[in-house]
Engineer: 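Quick one: the structure is below, and I'll ask about it shortly.
One is the number of the first residue; the rest follow in order along the sequence.
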Amino acid sequence: MQLEIVTPEATLFKGEVTSVAVPGLEGEFQMLDNHAPIVSLLGKGNVKIYGEIKLDKAVSSRFSKDEKGVTLLPINSGTVEMNNNKVIVLAD
């Protein structure tokens, strides 16, 4: 599935991932390949990106990895949309 993470400053990531988990207002939820369409508000927490990804050097300092090798991006708030196997995270 395709993932795109956009902030007011820049597009932080655009590429193929295995799955992505986001901090919804009512708790974390994960979207897998061929997930049903969804639009949701996001709260403070980490966007968790599963799969081998390559980050642009200009933005890589904003990301970290957990002990299992999952890529993490801390956010304060945002919106997520999943449609046609593409996830777009608008993060702040």
Engineer: Just so I know, are the side chains of Leu73 and Lys48 near enough to count as touching, which here means a heavy-atom distance under 4.5 Å?
Structural biologist: no
Engineer: What do the steps show when you test Lys65 against Val70 for side-chain contact (heavy atoms from CB on, under 4.5 Å), and what is the final call?
Structural biologist: CA-CA 5 Å; Lys65 292 237 183 209; Val70 176; over 6 Å; no
Engineer: Checking side-chain contact (heavy atoms from CB on, under 4.5 Å) for the pair Val39/Val80: CA distance, chi angles, key distance, verdict?
Structural biologist: CA-CA 6 Å; Val39 174; Val80 64; over 6 Å; no
Engineer: For the NZ atom of Lys14 and the CD1 atom of Ile53, what is their distance to the nearest 0.5 Å?
Structural biologist: 15.0 Å
Engineer: With rounding to the nearest 0.5 Å, note down the distance linking CZ in Phe13 to CG in Asp56.
Structural biologist: 11.0 Å
Engineer: Output the distance between atom NE2 (His35) and atom OG (Ser19), rounded to the nearest 0.5 Å.
Structural biologist: 10.5 Å
Engineer: Is the closest side-chain heavy-atom distance between Glu16 and Gln2 below 4.5 Å?
Structural biologist: yes
Engineer: Same hydrophobic cluster for Tyr50 and Leu55, using side-chain heavy-atom links shorter than 4.5 Å among ILVMFWY?
Structural biologist: no
Engineer: I want to check something: taking the side chain as every heavy atom from C-beta on, are Asn46 and Pro23 in contact at a cut-off of under 4.5 Å?
Structural biologist: no
Engineer: So, taking the atom named CG in Leu72 and the one named CG in Asp66, what distance separates them when rounded to the nearest 0.5 Å?
Structural biologist: 5.0 Å
Engineer: Can you name the closest pair of heavy atoms from Ile5 and Phe63 and give their distance?
Structural biologist: CD1-CE2, 4.5 Å
Engineer: According to a 4.5 Å side-chain heavy-atom criterion applied to Ile, Leu, Val, Met, Phe, Trp and Tyr, with indirect links allowed, do Val6 and Val17 form part of one hydrophobic cluster?
Structural biologist: no
Engineer: Considering non-hydrogen atoms only, spot the tightest contact between Leu12 and Arg62 and give its length.
Structural biologist: CD2-NH1, 3.8 Å
Engineer: For residues Gly51 and Thr18, report the shortest heavy-atom separation together with the two atoms involved.
Structural biologist: CA-OG1, 3.5 Å
Engineer: For the residue pair Asn84 and Lys86, establish whether any side-chain heavy-atom pair is separated by less than 4.5 Å.
Structural biologist: no
Engineer: How close do Phe29 and Ile38 get, counting heavy atoms only, and between which atoms?
Structural biologist: CE1-CD1, 4.0 Å
Engineer: Taking the side chain as every heavy atom from C-beta outward, state whether Val89 and Glu4 have any pair of such atoms under 4.5 Å apart.
Structural biologist: no
Engineer: Can you name the nearest heavy-atom pair linking Asn34 to Met82, along with the distance?
Structural biologist: N-CE, 4.5 Å
Engineer: Go through the steps to decide whether Ile75 and Leu42 satisfy the test side-chain contact (heavy atoms from CB on, under 4.5 Å), and finish with yes or no.
Structural biologist: CA-CA 9 Å; Ile75 64 169; Leu42 301 176; 3.9 Å; yes
